[in-house]
Structures are given as structure tokens and as C-alpha cells.
Amino acid sequence: MVETRTLEEPKRQKLPIIDCDVHNTLASERVLYPYLSKRWRRHHEMVGTPDRVGAYIPRAHLYGARYDAWPPSGQRPGSELDFLREQLLDAWHIEYGILNCLTPVCEMPNLAYAAAFARAVNDWQIENWLEPEPRLRASIIVACDDAAFATAEIERLANHPGFVQVLLLARTMEPLGRRKYWQMYETAAKHNLPIGIHFTGVGAGPITAVGRPSHYIEDHGGMTQAFQTQVTSLVCEGVFEHFPMLRVVLIEGGFAWLPPLMWRLDRAWKKLREEVPDVKRLPSAYIREHFWITTQPIEEPPKQEYFHQLLAQLDVDEKLMFATDYPHWDFDSPAHALPKSLAPALKQKIMAENARAFYRF
Amino acid sequence: MNRQTETENRRQGFVQAGLAVIDCDLHNRLPSLEMLYPYLPDYWCDYCEESGFPGPDANDYPSGVPLSIRPGLTLPSENRPASDLALLRGHALDVWDVEYGILTCAYRVQSVHNEDLAAALASAVNDWQIEHWLDREPRLRGSLIVPSQNPALAAREIERLGGHPGFVQVMLPARSQAPYGNRRYHPIYAAAVRHQLVVGIHYGGAPGLPPTSVGWPSTYLEEYVGMAQVFQAQVLSLVSEGAFDQFPDLRVVLIETGVTWMPSLMWRFDKEWRGLRGLTPWVKQPPSAYIRQHVRMTLQPIDAPPTAAELLQIVGQLDSEDLLMFSTDYPHWCFDSAEEAFPAGLPTSLARRILAENAREFYPKLR
């Protein structure tokens, strides 16, 4: 659903709701200083966190946020637990919310700094979000481009009850099936932690395969290209043959593109499978077994009939999980996001029960 | 009725009904760089000879890859697929009742970063196409190869040959250094529109950038599958940058894209536009409206779902009978027998549009 600019009057939901995409935000990177060593604090004081200079496309909204999501204090949307409680958890009676803290750790050229930054964010999440609020769960932030750093961070936190997945961003330095990421997958699978791949990122190069676009609508609307590439890469590299327990959740990527991708992959694999002997089954079989999908931003075809055709073509009713994307501008309302014509049993699964099974709440 | 008889009957049915076919994707292939020497200035012949330059190749269709040639196409051993007119007649033009076949020569001059050489090669391959294909077979039409990495030089080539009755479109590879909506390409579109040429964006290319938005994949399989996303980026760019507002007569064909992703792209793009159109106020209609008006797709490879019912759903979701244009993608392996080139179960009125009428309406020079 598109943004509503005034606070919606929430309706009491009869169904339990688990929100699989909530964003907690650093009010400023300086809030990490208590969690950074002296060496990395000094690093931050000197050079800050380098941005991808020359890759800037202005967004439609400051920080991509809903206009009404700014706390009265004026701090960044998503940075204050009390306001997030009031506006999201209490207002919508959310049973659990999964925090996906978006950071540039997988884009930092300095990998050691990225690892220190990730560790600090995770410690900040424990102290400021997980410990004070039992309805929240969080994602482990990892510097994914160094296998040793990423693995060590997963090992450090895997047994903390508040962390339920490892978070990556859709636009990475390299396609996520590549071997440099395998040790991270092995560790995550060992601890039964899913890998979450979330919308955003700038990767290593231009954000499309054909260079730099000019406008935010191409950046935002083109993100599905990165998701398609990541699914293709994970399947074609044989990741799920090597790590059969690995589970992946695609967050904020949409899903109407997935049936056509499965058809294209299956057809091409039948002709090219000699190139990828590790891929032993139809690509669509791996996809339906190993991928979960969050619903926001919900697909809005011009006819509801098409939405039902899409669900049937997807054939993953057990793997769709509701999300709001609070506090971002393209927030999906729990009351309005799913089509009215959805069967009640399926709606119940999507709103909470699929996520309950997936995250083992 | 067994499947083979059924498809054969279907084909015969179309032929007997007088449904002529326009095949919008037939590959003609330059057998060797030496074939271009008669059309190249001495300077460039010497340059190529002395450097051992074998000619541009994007490796879009590696010769050992099964997708590159349909099983059952018999070739004399000295011939590479699609490099011989007599074979192309026998394998494609005479199989269906082909009224026009549009050649899509995948000669990737864009991979040559010496832009003068790229321009010389483009001119040479176009002259070669005239002499060896267009002058010899009246059913064939051609695609102009242009050095699109330098739009000024590309426009010059369009001005040189755009008036030739055999050329009906300008060919751009799907992969490019900048998205095709970028205004640097306007000289190409202005020249194409001036000469009533369609812009054909075709599978492949080698601009020097990774073929995905997240870097280099490990396998050809990924690159092949990922080409659909490359097309998606180009469609987003063309609409968002206002190319169709700048050039109301601009017509774009997406060639060899796979077809089935288009409804999902239109839904996503329309939704994004509803939320973000304040940033691109020149995009006045929902993106899907521009796509339905200005963009067409060739049929093969169709990337069809497993069931005919699902394919009908996808075709219905396009919400238009105008978008698809018949193609065989000869000699690539999109289907097992020529009779399977056209999917079963489509309503006859739609089949008629796809087989020829859509192309006839869309290509100004085929009217």
C-alpha cells in the first residue's frame, strides 16, 4: 500500500500479527561509540563511514521514512524504541516484530572497520532494543565480504535468544552464491539461523547491469533485478546442495517476478545443466524448498484475479510472511495490505503462522 | 491425436488459412572477419591483420552451448549456424509461410572500445548484410548495426543507410554502458524515428560492465537467465527518463527476452509510479501505458510455464493483444521442432495478431 500521510486509525486485528520487517535506526553513528574500541572510534572520528561517492540518487523522502514516523524529539524515524512501540507494536497489536537494522557494512571497503561496525551495531541492538522490549527480535549484522569476520560474529551471537537471522542486503559486491560466502552459510545453517536478504545496497559497481540510472524510481523499482540475480546465483552455484539446511528469506523484494524466474531457470537448466552438475534438481524445486518471502511491498496487479493467479503459480502458501517495513514510506498496513478476497485460512498463515513456524517462535 | 500430429495440424491450419508469418528474430552470422575486408578501408584491414584482432564477440552464444543451436538443424561441417543463406531459407523461411524475416545480426561492435574501428566495422557489416542477404532474398529485412557506445557515430550510420528499403530497425544490445533512457542516446532515437526505423534491443552485448547489478556471476547459465533483468533495467530507464515523451514515435522491440516477466514488471512499475511520480513529472501516464503503446516483445524464447493454462494467464495479464510478435530465434534452441514455435491454445484472433499483424503494424517499413 502506498503511504498514508496521517496516522491511520488502527483497527483491532483479530488475527495475530508477526511483522517480519521493522527498521530500527541509528540516530547517529555516534551512538555506537560505547560499543567500538578506541581504535575504531578514532577511525570514525577521522574518516567517518565512507559513502559510495558518485553513486547518489536522491530519494523521495528523507531517510525513506513516512512523514508521520518522525518522533516528537525530531530524532531519526526508527531510532526511538518508545515511539516505535507506540506507533507500531501497540497500535497494531504486533505479537513479534523482526528488526532489520540497515547498515552499510557490506559496502565498506575497509573490511576490518566493517566487522567492528557490525559488532557494535549488534551490541547496541541487544542493549537498546532486545533487552527492553520482549516483542522484538533482531537480525545479526555481519561484514559479509570477509568470511572469517562474518562467521565469527554469527558464532558470537548465535545462541542469544533475541537474534533470529543473519541479515544481508540485496545489492552485494558479488552474487551471493559465490564461494566466498559459503563459510557464512555453513555457520548460519549450523545454528539454524536463516539468511535474510533485504532490499537496498549499492554493491560494488553501478546498481544495474547497464550502468547508473538517473532517478529514484529506477533505483527503488529496479531492486527486484538484484533479488532475481541473487536467487539465480544461490541456486546455480549449488549452495542448497552443499548446505541443505540453509533457509533464505527475501525481504521487501516483492514476489511477482518469482514464477517467471522459476520458469526461465527451469527451462535454461534443462539445456545447460552440464555446466552446473551440482544443481541436481529443477531450480524451482530448490526455490520452493529453501526460500521464504515477506509480503511488503505487496504486489498490486490491476485485477485481484491476477493476484490469485500469482499465488497459485508461486505455490508457496506456507512461505509468505507479512511485513510492514515500518517506518519507511511504502509501509504496508496490516489492515489493508492483503487483498480482501484472500481466504481467511491463508490470511492467518501469512499474517503470523508462517513466520511463527519459520522463526520457531 | 498425438502431440506431433496436433502441432503439425496446427501449423498447417495457419498456413491454409493464409496466415502469413513475420519472423522477427532470425540470426545471420558473419562467418569471419575477413568477409568484411571488401567493405573496410585498407587502414582498418591492416590494423586487424597486424594485431591479429579476430573481430568483436560478446560470447553471447558460445558455440559449445546447447542453447546456441537447435537440435536437428543439420549443417555442413564447414558452416557455422546462421552463416549461410541457403540454410536459413531451408531451416526457417520455407518452414513457415514467412512473408518477412527480420535479420538480427548479433555483431557486437559495442565491445570494441576504439570507437572509430567500431564505427568502421558497423558500416562494413551493414554493407555485407545488403550484398549477401538483403539483395539476395526479398523476404528478408535487416537490422542496422551501429556503434551505440558513441551515439553521434551511430546516428551517422543510421543517416547513411536508414533510407535503404531493406533495413527496418536499429539494433542495440541489451547490455550497455548506460541505460537506454539516458539522453546521451537521443541522437540514435532521433535518427531512427526520422527514418521510420524501430529500435530493437536484443539479448546480449559486451559493454565491459558485469552482466548483473551485483557483479560477475560464475556461470553462463546465470548470465543467460539474468538477461531478463537487463531488459527490465532498460524498460525502467526508457520510461522513467521520458524517452517516449521526447520521441512520441519511438518504437522499441525487446528481442529474445523471455516474455513471462512482463506482467510482473508492469505491476511493480505502475505501483512505484503511483508513489514516486512526483520525482519524474514528465512521465504522465502509468508506465504500463507507455509500454503497451511503445514496446513489443518477440515470442521466443517464451519461457513458458509448465502448463498451458498458466501461459494463458500470463498472456491475459499483459492486458493487450498487441505486445507479442512471432519469432523463431533461429538457429537458437527455443523449441524442439519448428512446429512447436507457436504455443498451443491461444485464441485464433490473438494468434493472428502475434503471427504477423502486430509486427506489420509496429514496423513502419513493413506496412
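Keep in mind it's a predicted model, so treat the numbers as computed, not measured.
Separating the CZ atom in R274(B) from the CD atom in E300(A) is a distance of 5.0 Å, to the nearest 0.5 Å. In this structure, OG1 on T208(A) lies 11.0 Å from CZ on R175(B), to the nearest 0.5 angstrom. In this structure, R171(A) CZ and S213(B) OG are separated by 6.0 Å, a value rounded to the nearest 0.5 Å. Within the model, atoms CD of E272(B) and NE2 of H215(A) stand 14.5 Å from one another, a figure rounded to the nearest 0.5 Å. Taking SG of C334(B) as the reference point, atom NZ of K271(A) lies at 6.0 Å (rounded to 0.5 Å). To the nearest 0.5 Å, atoms OG1 (T219(B)) and CG (L272(A)) are separated by 8.5 Å.
Within the 4.5 angstrom heavy-atom criterion, atoms from both the backbone and the side chain of W261(B) approach chain A. Both the backbone and the side chain of L221(B) have a heavy atom closer than 4.5 Å to some heavy atom of chain A. Contact of I207(A) with chain B is made through the backbone alone, with heavy-atom distances under 4.5 Å. For P179(B), the parts lying under 4.5 angstrom from a heavy atom of chain A are both the backbone and the side chain. In this structure, no portion of E305(A) lies under 4.5 Å from any heavy atom of chain B.
With chain A as partner, the option from P286(B), P305(B), S264(B), S240(B) having the largest number of non-hydrogen pairs under 4.5 angstrom is P305(B). Across V230(B), L276(B), L236(B), the residue that shares the most heavy-atom pairs under 4.5 angstrom with chain A is L276(B). Counting heavy-atom pairs under 4.5 Å between each of Q230(A), R178(A), R59(A), M262(A) and chain B puts R178(A) at the top. The greatest number of non-hydrogen atom pairs below 4.5 Å with chain B, out of G254(A), G177(A), P259(A), S233(A), is found for S233(A). Per-residue heavy-atom pair counts under 4.5 Å with chain B were compared for P301(A), S284(A), G211(A), and the maximum is reached by P301(A). In terms of heavy-atom pairs under 4.5 angstrom with chain A, the leader among V214(B), T307(B), N182(B) is V214(B).
Counting heavy atoms from C-beta on, the side chains of V210(A) and P207(B) never come closer than 4.5 Å. By the 4.5 Å heavy-atom criterion applied to side chains, F269(B) and I217(A) are counted as neighbours. In this structure, the side chains of Y306(A) and P263(B) stay at 4.5 Å or more apart for every pair of heavy atoms. V225(B) places none of its side-chain heavy atoms less than 4.5 Å from the side chain of W269(A).
E299(A) and K271(B) are not joined by a salt bridge, as no carboxylate oxygen comes within less than 4.0 angstrom of a charged side-chain nitrogen.
Between the side chain of R264(A) and the backbone N or O of Y224(B) there is at least one donor-acceptor pair closer than 3.5 Å. A donor-acceptor distance shorter than 3.5 angstrom exists from the side chain of R267(A) to the backbone of A304(B), with no hydrogens or angles considered. E310(B) places no side-chain N or O within 3.5 Å of a backbone atom of Q313(A) that could act as its donor or acceptor partner. Between the side chain of Q225(A) and the backbone N or O of T212(B), no donor-acceptor pair lies under 3.5 Å.
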### Task
Begin with the C-alpha distance, continue with both residues' side-chain angles, and end with the deciding distance and a verdict on side chain to side chain donor-acceptor pair (under 3.5 Å) for E241(B) and S214(A).
CA-CA 8 Å; E241(B) 296 261 20; S214(A) 309; 2.4 Å; yes
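Judged by distance alone, the side chains of S218(B) and E237(A) do bring a donor and an acceptor atom under 3.5 Å apart.
With a 6.0 Å radius and a threshold of 12 heavy atoms from other residues, nucleotides or ligands, R281(A) has its CZ atom above the threshold.
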